[in-house]
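Remember, predicted model here, so these are calculated numbers, not experimental data. One-based numbering along the sequence shown. Both counts, for ligands and for their atoms, begin at 1 and track the order of listing.
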Amino acid sequence: MTTIVKEIRQQFNPACPSECVGQVELMSIEETKAALTVAQEAFEGWKNTSSVARGDILRMMAQLLEENIDIVAETASKEMGKTKNEMIGEVKRGASILRYFAQEGMRSTGEVLPSVSEAKLLYTKRVPLGVIVAITPWNFPVAIPLWKIAPALVYGNTVVWKPSIEVALTGKLLGELFEQAGLPKHVLQVVQGRGSTVGQVLVEAPEVKAITFTGSNGVGQNILNTVGHTKKKIQLELGGKNAAIILADADLDVAARLTVEGAMKQTGQRCTATSRVYIEEAVYEKALEKIIAEAKKIEVGVTMGPVSSKEQYTNILAAIDKAKAEGATLVVGGTATKGKEEGYFIDPTIFTDVNHTMSVACEEIFGPVLAVMKVKDYEEAIKLSNDTEFGLSASIYTTNIQKAFDFIERSEVGLVQVNDETGGAEPQAPFGGMKNSSTGAREQGQAAKEFFTTIKTVTINTR
Ligand code: NAP
Ligand code: MG
């Protein structure tokens with residue numbers, strides 16, 4: 001008799017790393033391959049289930065998610081540090097993503113086109129792709145997986161999902177809720193394990209028709225290098241270095257509040273976080289003063305959670321030290337939170353006197369760090385805001401309608417905000433970036449259909 005020893009992973013609370021929150025069994029490479037095989041087998045049945053019925057399951061999942069909001073929010077909050085309130089907001093967003101895509105089951109899946117011959121009926125039909133692999137990060141442990149899984153399922157694909165190991169318990173919970181919602185066996189499978197092992201197997205598997213990935217540029221590039229030469233569809237949502245511009249005519253109270261919210265919400269661990277702000281020199285001192293005041297209102301441990309892991313903690317503190325060493329001036333924070341050293345707490349941090357050769361102006365830090373820069377005018381601001389490899393999101397704060405429209409045209413990003421923070425979009429709107437921030441079709445909204453389906457063009461000679 002052979003005994004199979006399973007690898008167990010324990011999860012710890014970043015607010016109190018000695019507290020074990022729970023544990024999960026990790027899957028072996030063999031189990032991962034088996035999951036792909038059964039996903040392939042389940043495809044035929046799921047594809048032939050009416051899309052209305054598929055949508056009903058998503059609607060049921062939305063209801064279950066709301067009924068279990070407390071446990072899901074609590075689990076994720078304890079696993080990755082986001083405050084419970086932030087997590088409750090995310091779970092609600094998850095339910096609305098599910099309801100939006102549930103309705104897709106009732107919407108048109110093709111169009112009738114005119115033909116050169118009046119005897120011919122010419123139409124298109126959207127069809128599913130097959131087995132989809134979804135690989136997700138830890139920073140939105142509910143919303144990101146759902147905005148991939150929900151459209152993939154409603155359009156008739158089966159899904160093998162690898163959540164980040166950092167949020168494995170939340171991933172397990174979501175998998176169980178989908179089962180309770182009535183999803184047939186093997187239509188969605190949660191593969192628990194590390195990216196470098198099981199993630200790599202999922203990416204390379206020949207039965208996989210498409211890979212939807214959100215995470216870092218390094219891993220995204222690795223996926224491209226591994227399967228870019230194949231016919232697999234690839235969608236990558238990667239990093240950001242999102243800029244905000246505050247013009248002299250802006251409402252400075254609003255601009256300062258939203259800039260700080262954009263930078264510090266979720267402890268700065270959002271791909272759409274504001275990490276640079278350009279302020280027109282005429283209002284520089286005034287705006288900076290208000291930004292500092294807003295940052296000082298944040299209560300670490302109450303309104304702002306810890307960063308998600310020891311790795312994040314070490315990397316963010318190192319990035320802060322590098323900014324200091326490169327000559328940026330620290331005006332707020334800049335250290336681990338005093339008196340909270342038992343957890344991975346970092347103070348909201350703001351640097352001024354930043355120039356574009358400094359790492360704090362160009363590299364994604366993914367923590368509560370904001371770089372402030374003074375600019376002569378709008379022209380200099382737009383030029384500098386576009387001076388980055390990334391292109392996810394950008395904001396302008398202004399009351400000048402011409403400048404707002406000019407910014408909408410010239411800003412090299414996928415998500416443009418006027419008088420709002422650099423955050424993401426609602427479920428019915430496409431989400432994604434330009435330049436090195438994204439590859440492939442946009443996520444969410446009607447754009448999701450582009451990625452998760454392919455088209456059959458049908459011609460019927462009726463005579
Ligand atoms: P990450 O380190 O790239 O990991 C993302 C996922 O990829 C995880 O599930 C990870 O597994 C897996 N993975 C790692 N190596 C892999 C490999 N060789 N093959 C297949 N999968 C692999 O990113 P993260 O640290 O979780 O998240 C932070 C990053 O995500 C930031 O750069 C942020 O900007 C980006 N992000 C982008 C968006 C967007 O929409 N543009 C949204 C949110 C976050 P394990 O970690 O479990 O081993
Ligand atoms: Mg990582």
Side-chain angles (χ1 to χ4, degrees), residues 7 9 11 24 26-27 29 32 79-82 90 133-148 160-171 190-205 208 211-227 232 234-242 265-275 307-313 315-316 319 363-367 388-393 413-415 422-425 430-444 447:
E7 193 188 343
R9 156 117 181 167
Q11 300 292 83
V24 280
L26 300 190
M27 272 168 88
I29 294 203
T32 304
E79 251 184 330
M80 55 71 71
K82 202 185 282 198
E90 185 182 336
V133 159
I135 299 179
T136 53
W138 47 263
N139 71 327
F140 284 97
V142 172
I144 291 178
L146 290 179
W147 82 48
K148 295 178 187 300
V160 181
W161 167 40
K162 196 205 90 59
S164 160
I165 202 165
E166 308 283 342
V167 285
L169 293 170
T170 310
V190 185
V191 167
Q192 300 281 13
R194 288 185 186 78
S196 53
T197 55
V198 296
Q200 192 73 26
V201 169
L202 294 176
V203 167
E204 288 172 6
V208 170
I211 299 164
T212 172
F213 168 86
T214 298
S216 62
N217 281 62
V219 176
Q221 188 60 49
N222 182 56
I223 293 176
L224 267 189
N225 296 346
T226 312
V227 289
K232 282 178 193 171
I234 303 172
Q235 177 179 59
L236 307 176
E237 289 298 340
L238 309 169
K241 187 71 193 172
N242 313 294
K265 195 152 96 182
Q266 224 183 288
T267 325
Q269 299 173 120
R270 297 184 306 153
C271 53
T272 52
T274 308
S275 63
V307 300
S308 67
S309 64
K310 186 161 191 189
E311 190 192 351
Q312 275 288 99
Y313 188 65
N315 291 346
I316 296 164
E363 288 168 19
E364 184 183 49
I365 296 173
F366 222 58
T388 166
E389 62 167 307
F390 297 109
L392 191 53
S393 174
V413 294
L415 307 163
T422 49
F431 178 92
M434 294 182 177
K435 293 153 89 175
N436 280 349
S437 289
S438 294
T439 307
R442 289 280 186 268
E443 304 201 81
Q444 303 198 87

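Contacts between Thr272 and ligand 1 below 4.0 angstrom, taking non-hydrogen atoms only, are absent altogether. Of the heavy atoms in Ile165, both backbone and side-chain atoms come closer than 4.0 Å to ligand 1. Using a 4.0 Å cut-off between heavy atoms, Ile135 contacts ligand 1 through its side chain alone, with no backbone atom that close. Within the 4.0 Å heavy-atom criterion, the part of Glu364 lying near ligand 1 is the side chain and not the backbone.
For atom 48 (O) of ligand 1, the nearest non-hydrogen atom from the set Pro141, Gly432, Gly195 belongs to Gly195. Among Val198, Asn315, Val219, Asn217, the residue whose heavy atom lies closest to atom 15 (N) of ligand 1 is Val219. Heavy-atom proximity to atom 24 (P) of ligand 1, evaluated over Phe366, Trp138, Phe431, Trp161, is greatest for Trp138.
Glu90 has a carboxylate O that lies under 4.0 Å from a charged side-chain N of Lys82, or vice versa, which qualifies the two as a salt bridge. The existence of a salt bridge linking Arg194 and Glu7 is confirmed by a sub-4.0 Å separation between a basic side-chain nitrogen and an acidic carboxylate oxygen. We find that Glu443 and Lys148 are joined by a salt bridge, their nearest charged nitrogen and carboxylate oxygen being less than 4.0 Å apart.
Each of the following atoms of ligand 1 lies closer than 4.0 Å to a heavy atom of Ile144: 42 (C), 43 (C). Close approach of ligand 1 to Thr136 is summarised as follows: ligand atoms under 4.0 Å from at least one heavy atom of the residue are 6 (C), 8 (C), 9 (O). Short contacts between ligand 1 and Thr214, defined as distances under 4.0 Å to a heavy atom of the residue, involve ligand atoms 5 (C), 36 (N), 37 (C), 38 (C), 39 (C), 40 (O), 42 (C), 43 (C), 44 (C). Proximity to Asn139 (heavy-atom distance under 4.0 Å) selects the following atoms of ligand 1: 43 (C), 44 (C). Short contacts between ligand 1 and Cys271, defined as distances under 4.0 Å to a heavy atom of the residue, involve ligand atoms 34 (O), 36 (N), 37 (C), 38 (C), 39 (C), 40 (O), 41 (N), 42 (C), 43 (C), 44 (C).
Taking only nitrogen or oxygen atoms, main chain and side chain alike, Asn222 reaches within less than 3.5 Å of ligand 1. For a threshold of 3.5 Å applied to N or O pairs, the pair formed by Ser437 and ligand 1 contains no separation below that value.
Separation of atoms NZ (Lys241) and OG (Ser393) is listed at 13.5 Å; rounding is to 0.5 Å.
The side chain to side chain donor-acceptor pair (under 3.5 Å) test applied to Ser308 returns no partner, not counting sequence neighbours. For Lys310, the side chain to side chain donor-acceptor pair (under 3.5 Å) criterion is met by no residue, not counting sequence neighbours.
Here the two rings, on Phe213 and Trp161, have centers that are 6.0 Å apart or farther.
Judged by distance alone, with hydrogens and angles left aside, the side-chain atoms of Glu79 form a donor-acceptor pair with the main-chain N or O of Leu169 at under 3.5 Å. A donor-acceptor contact shorter than 3.5 Å links the side chain of Ser437 to the backbone of Gly391.
Across Asn139 and Phe366, no two heavy atoms sit closer than the pair ND2-CZ, 3.3 Å.
Taking 4.0 Å as the cut-off, Phe140 does not count as a neighbour of ligand 1 on heavy-atom distance.
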